[in-house]
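When reading the values below, keep in mind they use all heavy atoms of this one structure, side chains included, and skip hydrogens, waters and symmetry mates. In what follows, chains carry the letters A, B, and so on, assigned in the order in which the sequence lines appear, proteins first and then strands, with residues in each chain numbered from 1.
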There are 2 protein chains.
Amino acid sequence: MSAATKKREANPTLRDVASRADVSTTIASRVLNDDPAVRVREETRQRVIEAAKELGYAPNSIARSLRKSRSDAIGLVMHNLASPMNTTVLEGVRGRCAEAGYVTLLADSEQLAAESSRLSSFLARGRLAGVILHVGHGHHDTLIEDVSRHVPAVLVNADSSGLVPSARLDDVSAGRTAAEHLIALGHTDVAFVGGPEGSITSLGRQRGYEDALRGIERGAGAQMINAGWTAEHGEAAANAILNMPALPTAIVVANLVTASGVLAVLRSVGVRVPHDVSVVAIHDAWLAKYLTVPLTTVQLPLFELGETAAGLLLDILAGKSGGQGALITDPPPRLIVRESTAAPRASRT
Amino acid sequence: MSAATKKREANPTLRDVASRADVSTTIASRVLNDDPAVRVREETRQRVIEAAKELGYAPNSIARSLRKSRSDAIGLVMHNLASPMNTTVLEGVRGRCAEAGYVTLLADSEQLAAESSRLSSFLARGRLAGVILHVGHGHHDTLIEDVSRHVPAVLVNADSSGLVPSARLDDVSAGRTAAEHLIALGHTDVAFVGGPEGSITSLGRQRGYEDALRGIERGAGAQMINAGWTAEHGEAAANAILNMPALPTAIVVANLVTASGVLAVLRSVGVRVPHDVSVVAIHDAWLAKYLTVPLTTVQLPLFELGETAAGLLLDILAGKSGGQGALITDPPPRLIVRESTAAPRASRT
DNA sequence: TTGTAGGCGTTATCAT
DNA sequence: ATGATAACGCCTACAA
């Protein structure tokens, strides 16, 4: 036996416990599962518990799953774990699932969509009680369909498309909060940098932004521009803005990561934030403090988003039917003012 | 049936396939598993395959695991997924495991250590073929012991403590690369900001730094200071440095996240980077480009680290014994020069 | 109050 | 070349 092949404890079965406690497996099973319908002598119960402890017995989850034909694993399909926002959602999902006694099987949406062998291994029969899909704005409709054909599924921050319930952030409110902050500072030339064209998340935030601007007389710089969710997209958007005939005095960026790129470009061309232009982004994370300028953000309840999605699925698994989904309005979007926003120069005395 | 309770495809069993193809389950099983030892008529084989396809048969992984008494799931215990470096390691692990046909069960080391119920549910008998532990520098020795008592385990970037093999980065080389870059620029007052005291990772990088400095005449600013792995730790370290009697002209920070905090403090007190002080950090990630100054980094093969750890475990599972672990020297640490490093002022003409 | 036995879906052994 | 059967470990009617 090599050094790496150490002795591992044997795996005692229920039968071992039963025979050591001089009872049948029935009694052992019932006692260890606290079956309320069983009435055993206290002495017997203790013998069983004692035997289990001495043997270091733990039930075999595979056998149990097979017998009860249900699993205690929940699949989580995510895209882009490199985004700090997504890891927060993941924590929320995992926390809520763990509370309910489920473990979490993680998969990447791109890989699942790309290699059918991975998808089928992930969805292998009997493995998953349900699946939570956080797949962003891609062309994942067939993936969602494939998955939900096999097991109960819920979506995170996506169009529920009627078929699968979805947990959603209040994007409209977030967009409005960001824009209203700038308007309150006196800005009228407020640009909007969105995510990829057609993204429902981006669209919601844009709508909030437009709601807010409806109340004021917009300046010529109040333009809308589609970008994407990466920092590079933000760089491109910033360059596009710099080429606009009328420069905005403030920018709402639909995403923190995108905003990183916007800020970097502004700095590199000598546009001062917030002196020349104010920037506010949607989503908060630790890194917001450490960008070229500490960034003012609108914090959204990402952890709760994960929890809510998990809750939706757990309801379905408990036969309660998750309904059409949930829009998370509590806690509401929270403005975190740092150093990237200020009154426009023109209005300063 | 409510809207959310949609019709799900039934789950045909091997028996269904067998009866539809008019063969025994034995044959069906062997054909579908491409058992080379079976010699059936081509016509029969086709009948089985056809029947399986028509029924949409997929094997039940739970039943299979039970029968073969081994699982195709690998547990990944991680700490601090908020760190962009760790998600890269995760991708590497998952990629390698998936190639080998394993799925990945994710758990958080803090939660596993804190709640024994979570640990036992995670380690539930039969569930996991093996576990990969990436638990950082905490007091997780008992966790590691608990886990490795149950299933084969490997460590990521940790002291293997002789018991469990570990995949390690070449920290010494990384520290040396960072310091040599600064020395080549003409710096002699090079400070080092490390991780938490006693961290083996930090110690390795520090050793590399000291190796590099050994060749030159060190200035008074060449101090060593322990911090931690968070941005806040970096802020504290920067403040400590600013209070030193002799200021360094350059700083090696043992971690990208820590460096974010260092840069922010330097900026807030008006110390210009790289004009007044150069900064280089170990580890690269997308955000390095977007900090207060685009940060010069030493990129380490994090994806490969994950792959290697997974490979170690897979070897063990295949009976090949992972040995004492692996030090990843290929690819070597790679310097990525951005804008945070330059020659010291004194040596400029 | 306790025990017997069947079966969850699969694979492996041993016959035919 | 193909099939019957047992067994993986557990839970749960049903029986006693």
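A distance-only check finds a donor-acceptor pair linking the side chain of B:D16 to the backbone of B:T13 [under 3.5 Å]. In this structure, B:N33 contributes its side chain and B:D35 its backbone to no donor-acceptor pair below 3.5 Å.
At a threshold of 4.0 angstrom between heavy atoms, the contacts of A:T13 are confined to the sugar-phosphate backbone, with no base atom among them. A:N33 comes within contact range of the sugar-phosphate backbone alone, with a heavy-atom separation under 4.0 Å but no base atom that close. Within 4.0 Å (heavy atoms only), B:L66 reaches at least one base atom of the nucleic acid.
Taking 4.0 angstrom as the limit, A:S24 places a side-chain polar atom (N or O) nearer than this to OP1 or OP2 of C:dG3. In this structure, B:R41 reaches the D:dT2 phosphate: one of its side-chain N or O atoms is under 4.0 Å from OP1 or OP2.
A straight line from CG of B:L14 to P of D:dA4 spans 14 Å, rounded to a whole angstrom. Rounded to an integer number of Å, the gap from CG of B:D22 to P of D:dT2 is 12 Å.
Counting atom types as modelled, A:T44 pairs no side-chain N or O with a base atom of C:dT1 as donor and acceptor under 3.5 Å. Remark: the B:S29 side chain and the C:dA12 base include no donor-acceptor N/O pair separated by less than 3.5 Å.
Residues A:R15 and B:V23 both approach DNA chain D. Their nearest nucleotides, taken by heavy-atom distance, put B:V23 toward the 5′ side.
A salt bridge links A:R127 and B:D72; the closest N-O separation between the charged side-chain nitrogens and carboxylate oxygens is under 4.0 Å.
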